[in-house]
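Here's the structure we're looking at; comments come further down.
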Amino acid sequence: GHRSQRSGHRTSSSSSVSVSVLAVDPIERFKVRCAAYQQPKEIVCFSYDEERKLSMGSDDKLSYYCEPDIQSANLSSGFPDRYVMREPVPERLDALLESMRHVNSRPRDPNTPPLRPAFCTWRGIMTKVLCAPFSRDRWELGATLHDGTIYIEEHEKRKDLYGSTDKDKLMSYMGYKFEALATIPFPPAELSGPSDPRLAERDSGTVNTNVQFCSVFKTKIGVNSIVMGAEVDCLLADRKPERDPQSAYAELKTNRVITNERQQQSFERHKLLKVWAQSFLPGIPTVIVGYRHDNGRLSHIERRRTLDIPRSVRGTQPGIWDATVCINFADAFLTWLKEIVVIDDPDTVYTIEFDGRAASLLRVETGAEGPEGPFIPPWYRGQS
Ligand code: A3P
Ligand code: MG
Ligand code: MG
């Protein structure tokens with residue numbers, strides 16, 4: 001099918017193949033040698049406090065993993081009275097741009113050029129791109145070329161911002177509550193023992209989703225350099241390693257206990273794809289899954305090595321996802337974006353849509369307003 005263009009962008013509409021469309025199918029063309037993924041390197045981090053105040057360069061809100069007490073844990077306890085949900089206001093790329101500005105204004109070797117990646121975006125956006133070949137989820141992006149870097153934000157549809165129904169809210173809450181029960185804000189070595197009162201206090205606090213720790217890292221997919229920002233759940237060590245902090249980060253996940261083959265297949269097909277992509281991108285080596293019952297009780301906890309996840313699902317069912325295809329699709333997507341997003345202007349936004357099967361350029365707009373308009377703020381312009 002061909003998609004009509006609302007902009008004047010030229011497409012070769014005489015055939016079913018358009019230069020402004022990148023389809024998933026035929027998927028075989030991504031089943032080739034995997035594009036190189038450079039080991040991600042953290043360049044800066046930041047923390048958000050309970051009021052959503054940002055501290056650049058701070059790992060204040062990076063908490064430490066500490067096994068929850070499975071017997072007493074209940075992921076629904078405290079809901080909804082001890083739940084502070086972050087206001088669903090679009091924050092766009094601001095914190096990431098602030099990170100870039102911070103990195104480039106830091107004193108550095110005079111022979112080192114400023115950091116100018118080909119791409120700059122949130123990890124969550126690249127997760128969607130990696131998963132696209134094996135997911136029917138739709139998404140829409142805004143892309144702007146500014147001083148040689150393509151910045152990408154997501155045009156979030158209202159209902160994506162937060163769970164809309166009370167049941168959705170409880171589901172989200174349980175994910176965050178697991179984080180609260182599985183972490184402490186100080187190194188576990190400082191605990192006096194298993195009866196340290198601070199362990200039990202984890203259950204009595206408020207779950208506040210304003211609080212976050214984010215890592216900003218640089219990497220390369222094939223030839224394309226990219227800077228991404230990612231929320232990191234916890235540290236699996238007694239302190240943050242100075243070199244390669246990623247090696248000690250861990251991703252926390254919850255999942256309903258699996259009781260039959262169909263649930264196992266769905267877990268492998270959907271959840272493991274997302275959690276692999278999400279953790280692989282920032283180079284987070286460990287995923288800790290808390291399996292819960294419907295009533296919020298924890299059943300058990302499992303650790304998985306991120307890099308072992310693709311092999312663990314291979315050949316388990318027809319049409320199961322393949323990490324090589326994901327990475328090669330992401331590589332092709334970035335290369336495709338570079339061909340399309342060519343006007344270097346902070347007021348020009350290219351809108352890209354993924355309809356579940358193909359990515360296409362929807363429109364090119366200059367100086368529009370609103371949530372899908374330009375997102376490079378004045379303070380980030382003309383300072384390079
Ligand atoms: P689970 O994924 O374990 O259910 P993350 O895993 O990315 O660190 O996110 C932490 C929790 O935030 C999730 O835990 C989930 O509860 C909630 N969450 C994340 N993304 C969400 C979304 N798009 N909609 C609703 N809740 C979300
Ligand atoms: Mg998280
Ligand atoms: Mg998590």
Side-chain angles (χ1 to χ4, degrees), residues 45-48 59 61-65 68 73-80 83-88 90-91 95 122-128 130-131 135 137-140 154-183 207-217 228-236 246 249-258 263 266-267 270-282 284-294 296 298-304 306 309:
C45 65
F46 60 87
S47 292
Y48 285 113
D59 56 16
K61 298 303 183 188
L62 173 58
S63 50
Y64 299 77
Y65 182 73
N74 186 339
L75 302 190
S76 63
S77 94
F79 181 84
Y83 189 22
V84 175
M85 258 185 290
R86 171 155 74 92
E87 290 293 330
E91 295 178 340
W122 293 117
R123 176 269 311 269
I125 292 173
M126 287 310 297
T127 299
K128 291 187 176 180
L130 255 78
C131 295
S135 160
D137 292 349
R138 305 164 150 273
W139 37 263
E140 193 181 291
E154 184 172 8
H155 293 163
E156 269 178 287
K157 302 306 164 193
R158 204 74 205 140
K159 62 172 169 51
D160 296 348
L161 287 170
Y162 267 101
S164 37
T165 67
D166 281 354
K167 180 154 183 280
D168 288 344
K169 286 197 179 103
L170 174 59
M171 290 297 138
S172 290
Y173 177 82
M174 290 201 284
Y176 293 116
K177 183 73 179 184
F178 179 62
E179 293 180 359
L181 293 176
T183 61
V207 170
N208 183 331
T209 63
N210 286 297
V211 177
Q212 280 183 328
F213 167 76
C214 294
S215 168
V216 180
F217 57 96
M228 283 180 259
E231 199 222 70
V232 173
D233 289 339
C234 65
L235 194 61
L236 202 50
Q246 260 96 341
Y249 292 162
E251 171 62 40
L252 302 176
K253 278 287 153 195
T254 58
N255 200 71
R256 198 170 167 271
V257 280
I258 294 168
Q263 291 169 1
S266 166
F267 176 73
H270 306 293
K271 189 98 170 197
L272 282 185
L273 167 59
K274 280 189 196 155
V275 70
W276 166 77
Q278 176 185 30
S279 309
F280 170 81
L281 286 165
I284 297 178
T286 313
V287 178
I288 300 172
V289 187
Y291 290 90
R292 58 154 184 86
H293 297 284
D294 284 329
L298 266 185
S299 155
H300 61 290
I301 290 173
E302 218 172 69
R303 283 189 198 196
R304 313 202 49 143
T306 305
I309 292 175

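Whatever order the structure lists ligands and atoms in, that order sets their numbers, starting from 1. Owing to the predicted nature of the structure, the values given are computational and were not obtained by experimental measurement. Just so you know, these numbers use all the heavy atoms, side chains as well, and skip hydrogens, waters and symmetry mates.
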task: Please say which of R292, M174, M171 ends up in a side chain to side chain contact (heavy atoms under 4.5 Å, CB included) with R256.
output: R292

- request: Using the six-membered ring wherever Trp is involved, compare the ring planes of Y173 and F79 and label them parallel, tilted or perpendicular (cut-offs 30° and 60°).
  value: tilted

- request: If the plane angle is over 60° it's perpendicular, under 30° parallel, otherwise tilted; pick one for Y249 and F213.
  value: perpendicular

Atom of A180, atom of V207 and distance for their closest heavy-atom approach: CB-CG2, 4.4 Å

Any atoms of ligand 1 less than 4.0 Å from a non-hydrogen atom of [X]? List them with their elements.
{"X": "Y176", "value": "10 (C), 11 (C), 12 (O), 17 (C)"}
{"X": "E251", "value": "5 (P), 6 (O), 8 (O)"}
{"X": "S172", "value": "16 (O), 25 (C), 26 (N), 27 (C)"}
{"X": "D233", "value": "8 (O)"}
{"X": "M171", "value": "16 (O)"}
{"X": "E179", "value": "8 (O), 10 (C)"}

query: Of all N, O or S atoms in D233, which has the smallest distance to the Mg ion (ligand 2)?
result: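 It is OD1, the N, O or S atom of D233 closest to the Mg ion (ligand 2).
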
task: Verify the distance test for E231 against the Mg ion (ligand 2): any N/O/S atom under 2.8 Å, yes or no.
output: yes

query: Looking only at non-hydrogen atoms, which of C234, G290, A230, G175 approaches atom 13 (C) of ligand 1 most closely?
result: G175

query: Taking N or O atoms only and a 3.5 Å limit, does T254 qualify as a polar contact for ligand 1?
result: yes

- prompt: With only distance considered, is Q278 within less than 3.5 Å of ligand 1 through an N or O on each side?
  reply: yes

message: I'd like to know whether F178 forms a side-chain contact (heavy atoms from CB on, under 4.5 Å) with I301, so could you lay out the CA-CA distance, the side-chain angles of the two residues, the decisive distance to 0.1 Å, and finally the verdict.
response: CA-CA 11 Å; F178 179 62; I301 290 173; 4.2 Å; yes

Check: [Y] main-chain N/O paired with [X] side-chain donor or acceptor under 3.5 Å:
{"X": "T209", "Y": "R86", "answer": "yes"}
{"X": "K177", "Y": "S77", "answer": "yes"}
{"X": "K271", "Y": "T254", "answer": "yes"}

task: Pick one of side chain, backbone, both or neither for how N255 approaches ligand 1, counting any non-hydrogen atom pair under 4.0 Å.
output: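 Looking at N255 and ligand 1, no heavy atom falls under 4.0 Å.
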
- prompt: Going by heavy atoms, is L252 under 4.0 Å from ligand 1?
  reply: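 Yes, L252 has heavy atoms under 4.0 Å from ligand 1.
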
query: If you measure from each heavy atom of M174 to ligand 1, is any distance below 4.0 Å?
result: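 No, M174 has no heavy atoms under 4.0 Å from ligand 1.
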
task: Give the intermediate values and the outcome of side-chain contact (heavy atoms from CB on, under 4.5 Å) for residues V275 and V289.
output: CA-CA 10 Å; V275 70; V289 187; over 6 Å; no

field: Pair L130-F280, side-chain contact (heavy atoms from CB on, under 4.5 Å): steps then yes or no
entry: CA-CA 10 Å; L130 255 78; F280 170 81; 4.3 Å; yes

task: Report, rounded to 10°, the angle at the Mg ion (ligand 3) between the two atoms OE2 (E251) and O (L252).
output: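 Between OE2 of E251 and O of L252, the angle at the Mg ion (ligand 3) is about 90°.
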
